[in-house]
Amino acid sequence: MLDVIYLFGPNLDRLGTRDPAIYGSATLAEMESRCIEAARVLGLSAETLQSNFEGELVEAVHGAVAKNRAIIINPGGLTHYSYALADALAIFGGPKIEVHLSNVFAREPWRHTSVVAPVVNGTVVGLGELGFRLATQAVASLL
Ligand code: DQA
């Protein structure tokens, strides 16, 4: 059992080259290793998973029920319409934090809605990679 699973949704495998002005220049691999380090310094073990497939993320959340104590998730575009992912997250009983690198509220109107927000403990938006560190502190405190 690892304490935290960091989940990254569709297109986040393109980090580093995808709109760096919006998402920053760090690659997914860099972000994942910094997340694991952020967890480690707080005494938490961690793993990461990125998928471009909604069903794979749903199954990762199901798997987390028996395998992880907390979820930190950037669902990417699924944030805005995936009731399936929201339903899966609702099943998970431990702390859950949603993170967005960009300030979704300063962008297109369709990004202003998160169907995931009602089933997580909290959401961090617009702070880039710092958002993952803050989310890690949040789960450490909630656990
Ligand atoms: C994002 C914001 C989403 O609207 C977008 O679809 C992403 C990334 C963010 O981290 O800012 O893929 O979740």
Side-chain angles (χ1 to χ4, degrees), residues 2-42 44-65 67-143:
L2 294 169
D3 295 313
V4 187
I5 186 163
Y6 294 85
L7 296 173
F8 296 84
N11 301 305
L12 294 170
D13 54 338
R14 302 288 111 181
L15 285 172
T17 53
R18 173 191 182 199
D19 287 324
I22 294 176
Y23 297 117
S25 56
T27 63
L28 177 65
E30 288 166 343
M31 213 167 278
E32 286 175 315
S33 62
R34 288 169 197 165
C35 285
I36 288 177
E37 177 60 12
R40 194 194 61 76
V41 300
L42 291 167
L44 300 172
S45 56
E47 63 182 316
T48 65
L49 179 112
Q50 187 277 331
S51 179
N52 291 323
F53 299 96
E54 182 179 23
E56 193 174 349
L57 289 162
V58 167
E59 290 189 346
V61 173
H62 292 173
V65 171
K67 200 161 61 69
N68 305 105
R69 298 168 68 210
I71 295 176
I72 294 175
I73 183 165
N74 181 343
L78 294 172
T79 305
H80 313 297
Y81 67 91
S82 178
Y83 297 114
L85 188 56
D87 279 349
L89 285 165
I91 295 168
F92 185 85
K96 297 160 268 196
I97 306 289
E98 173 190 2
V99 176
H100 298 287
L101 297 166
S102 66
N103 180 357
V104 285
F105 300 108
R107 302 180 63 195
E108 301 93 321
W110 60 267
R111 293 187 204 271
H112 299 181
T113 299
S114 167
V115 300
V116 165
V119 300
V120 294
N121 296 82
T123 303
V124 185
V125 303
L127 299 176
E129 275 191 76
L130 172 62
F132 284 103
R133 288 207 297 282
L134 295 174
T136 308
Q137 288 176 6
V139 297
S141 159
L142 290 166
L143 277 171

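All values reported here derive from a predicted model rather than from experimental measurement. Read the numbers this way: they start at 1 and go in the same order the structure lists the ligands and their atoms.
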Starting from [atom], what is the nearest protein heavy atom, named by residue and atom, and what distance separates them?
atom	result
atom 5 (C) of ligand 1	R111 NH1, 3.2 Å
atom 11 (O) of ligand 1	S102 OG, 2.6 Å
atom 9 (C) of ligand 1	L101 N, 3.4 Å
atom 2 (C) of ligand 1	V104 CG1, 3.7 Å

Would N74 count as a contact of ligand 1 if the rule is a heavy atom under 4.0 Å away? yes
When you measure from the heavy atoms of R18 to every atom of ligand 1, does any distance fall below 4.0 Å? yes
Any heavy atom of H100 under 4.0 Å from ligand 1? The part involved is both
Just to be sure I read this right, does ligand 1 sit under 4.0 Å from the backbone of V125, its side chain, both, or neither, counting only heavy atoms? neither
Kindly say whether A70 contributes a backbone atom to a donor-acceptor pair with the side chain of N68 at under 3.5 angstrom? no
Working for side-chain contact (heavy atoms from CB on, under 4.5 Å), residues T123 and I97: CA-CA 6 Å; T123 303; I97 306 289; over 6 Å; no
Which word best sums up how the rings of H100 and H80 line up, parallel for under 30°, tilted for 30 to 60°, or perpendicular for over 60°? parallel
Any Lys/Arg nitrogen of E37 or R34 sitting under 4.0 Å from an Asp/Glu carboxylate oxygen of the other? no
Checking side-chain polar atoms at under 3.5 Å, does S114 have a donor or acceptor matched by the opposite partner on E98? yes
Within a distance under 4.0 Å of any heavy atom of H80, pick out the atoms of ligand 1 and give their elements. 3 (C), 4 (O)
Here the atoms of ligand 1 under 4.0 Å from any heavy atom belonging to Y23 are 5 (C), 7 (C), 8 (C), 9 (C), 11 (O)
Passing candidate, side-chain contact (heavy atoms from CB on, under 4.5 Å) with V139, options I72, I71, L42, D3: I72
Who passes side chain to side chain contact (heavy atoms under 4.5 Å, CB included) against A39, sequence neighbours left out? Y6, L44, A46, T136
